[in-house]
Amino acid sequence: MTLDRHADLVLTGGRIATIDAARSFASALAVRDGRLVAVGPDALVGAHIGPSTRVIALRGRTVTPGFQDAHVHPVHGGLARLRCELHDTRGREAYLTVIAEYARTHPDETWIRGGGWYMDDFPGGTPRREDLDAIVPDRPVFLTNRDGHGAWANSKALEVAGVTRETTDPADGRIERDADGSPTGTLHEGAMDLVERFQPDDTPADLEAALRLGQAYLHSLGITAWQDAIVRSETEERAYVALAASGELTARVIGAMWWERSRGAEQIDEFVARRAATSIGRYQATSVKLMMDGVLENYTGAMLDPYLDADGRATDNRGLLQIDPEGLSTWVPRLDALGFQPHFHAIGDGAVRASLDAVAAARAANGPSDTRPHIAHIQVIHPEDIARFHELDVAANAQPYWACHEGQMDNLTIPFLGDRWRWQYPFRSLRAAGAVLAMGSDWSVSTPDPLLEMELAVERIADESRGEKPAFLPDERIDLIDALAAFTAGSAYVNHLDEMTGTLEVGKFADLAILDRDLFDRGAGAIGEARVVGTFVEGASVYEDAALDG
Ligand SMILES: [Zn+2]
């Protein structure tokens with residue numbers, strides 16, 4: 001066989017998970033001009049090797065389609081890494097050491113900002129301002145928690161913002177208070193904004209630096225595309241447009257523009273204008289993010305039936321639905337008709353149902369569409385709603401890293417749900433009912449490492465407690481190949497990138513990740529112990545480890 005042109009890149013001797021419809025494996029592939037020109041056995045692909053072809057001997061290592069994170073916040077994650085970063089720390093004492101050190105080494109920062117603390121490290125999940133006052137009395141300190149639904153502020157920050165015992169709670173949040181009404185230093189949900197709005201704005205240079213950092217980190221984990229789950233016009237959007245215009249955006253990104261909960265239909269025209277003006281190259285602003293509720297740990301997740309109290313008795317608190325369902329029943333059909341993808345955040349079973357109901361209204365008004373609505377987080381799903389995902393053509397956007405027994409789950413969630421705790425993260429049931437499963441991390445809430453996340457989808461045991469804790473609702477575990485398909489083809493579907501990415505098939509873009517081992521050899525260690533050694537977008541290397549050729 002003679003070829004007019006040889007391949008630019010050939011990978012041979014590996015275990016290539018193509019994630020095609022048959023879930024077939026190949027041992028080699030060839031890339032020319034950014035696309036796959038051959039996928040199959042070594043002998044077939046070898047014919048594409050010429051004098052200038054880069055050949056990588058895989059020696060049995062696994063190659064997958066590039067991972068796609070269906071719900072992530074890379075600018076926010078990048079900013080956290082630029083600032084006072086607590087994600088890699090655990091425990092009150094350790095946090096205070098990191099914060100004190102950051103304040104000491106950043107004397108010119110007028111505000112100490114950052115975050116990543118874990119609710120379970122504080123009694124009741126609520127840290128106090130006095131701890132911060134003792135180490136930083138003179139500058140405001142404002143540190144968001146790991147899930148971004150709460151913040152820890154010192155007295156100076158509360159003072160600057162004028163938050164006192166007289167301040168009333170905003171409709172979409174809560175100020176944690178002592179018995180006499182004084183703020184303790186923890187602010188939940190919309191109450192964070194009372195303080196946040198006094199902070200200096202992030203400069204365009206900060207935001208671009210954060211996105212560069214976030215992108216490099218995600219590439220190092222094999223991620224080649226993602227959906228940014230909160231894109232605001234003044235912040236994330238500027239960074240994406242700047243990097244897309246300068247050619248620095250190497251990832252493919254779908255932007256989910258943030259639905260402002262204090263506004264209504266009038267913002268839809270703005271989305272249309274922003275989609276047209278900001279979709280440049282690999283950045284496409286085609287999704288709208290609808291944040292339906294908060295989280296269960298602070299009772300702001302919207303439930304169909306009330307939370308229980310610490311003694312297991314029903315309360316009268318069902319949490320908060322943060323977007324009016326009445327309004328949604330007209331807004332979501334309109335978004336769908338305009339070709340926007342609704343991207344819902346829904347944690348409680350009430351929020352999941354309200355999201356499904358909004359899509360049902362769109363289907364009734366517009367008939368079938370290709371907007372591919374998806375619901376992220378899906379922590380608690382009422383069993384009667386599982387089949388509706390398939391029926392309404394709604395993708396399940398799962399964050400599998402959260403599906404395990406750990407402190408926040410065991411101490412701050414299960415006791416307050418009662419029997420409903422068994423309705424959490426029903427990934428296998430959703431698959432069995434025909435739902436499209438996509439996956440994502442919600443980084444910086446938790447790790448963006450897809451291999452660690454897939455381990456939890458398969459084992460439902462936190463990597464920190466391997467061999468120690470029981471699996472969390474083991475009937476909902478899924479197979480590794482299905483987890484991998486969710487993180488590649490499934491997320492590519494949600495991102496409307498499935499025509500050219502998400503599987504390794506001839507004609508598609510060579511967006512792929514090379515791992516350091518055979519992922520399917522279960523004797524090779526835990527799934528999450530595997531590392532990425534090379535990441536390619538359209539055949540161009542965007543991350544390489546020395547071990548790739550070695
Ligand atoms: Zn998120």
Side-chain angles (χ1 to χ4, degrees), residues 67-81 87 114-119 144-151 172-173 188-190 192-193 196 210-211 214-215 217-218 221 223 225-232 235-237 239-240 251 253-261 285 287-298 300-302 319-320 322-323 341-348 351-352 355 373-380 395-403 408 425 438-450 452-453 456 486-487 491 494-495:
F67 302 126
Q68 302 202 15
D69 192 315
H71 182 115
V72 64
H73 306 282
V75 180
H76 190 266
L79 274 179
R81 288 168 85 83
H87 288 88
W117 53 274
Y118 202 65
M119 290 177 77
T144 50
N145 73 11
R146 203 163 289 211
D147 63 23
H149 292 268
D172 59 351
H188 301 286
E189 304 291 338
M192 291 191 288
D193 186 53
E196 220 162 9
L211 177 53
Q215 174 173 263
Y217 182 40
L218 296 178
L221 299 172
I223 295 168
W226 65 75
Q227 185 156 151
D228 188 312
I230 301 182
V231 172
R232 288 160 294 204
T235 52
E236 293 85 359
E237 188 164 285
Y240 283 115
V253 181
I254 301 303
M257 294 178 284
W258 175 248
W259 178 274
E260 288 181 42
R261 290 165 289 181
S287 190
V288 172
K289 168 71 174 300
L290 299 146
M291 178 120 154
M292 299 296 289
D293 66 344
V295 293
L296 303 179
E297 293 86 346
N298 63 7
T300 57
L320 294 171
Q322 297 185 357
I323 303 182
Q341 171 182 65
H343 175 165
F344 298 94
H345 159 122
I347 293 272
V352 171
S355 306
H374 54 121
I375 307 180
H377 309 329
I378 47 174
Q379 182 164 353
V380 187
N397 185 342
Q399 280 65 63
Y401 196 70
W402 305 343
Q408 208 149 294
Y425 305 122
M439 285 187 178
S441 63
D442 207 9
W443 182 58
S444 58
V445 173
S446 48
T447 175
D449 182 347
L452 273 176
E453 294 162 61
L456 268 83
F487 245 114
S491 293
V494 159
N495 286 332

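All ligand and atom numbering here is 1-based and tracks the order in the structure.
- M292 and S355 make their closest contact through CG-OG, 3.4 Å (heavy atoms, listed as atom of the first residue, atom of the second, distance).
- Look at H377 and the Zn ion (ligand 1): no N/O/S atom of the residue is under 2.8 Å from the metal.
- A donor-acceptor contact shorter than 3.5 Å is absent between the side chain of S444 and the backbone of H76.
- Not one N, O or S atom of H345 sits under 2.8 Å from the Zn ion (ligand 1).
- Among the heteroatoms counted here (N, O or S) of D442, OD1 is the one nearest to the Zn ion (ligand 1).
- D293 contributes a side-chain N or O that, together with a main-chain N or O of A302, makes up a donor-acceptor pair within less than 3.5 Å.
- Proximity of a side-chain donor or acceptor of N145 to a complementary backbone N or O of W117 within less than 3.5 Å is not detected.
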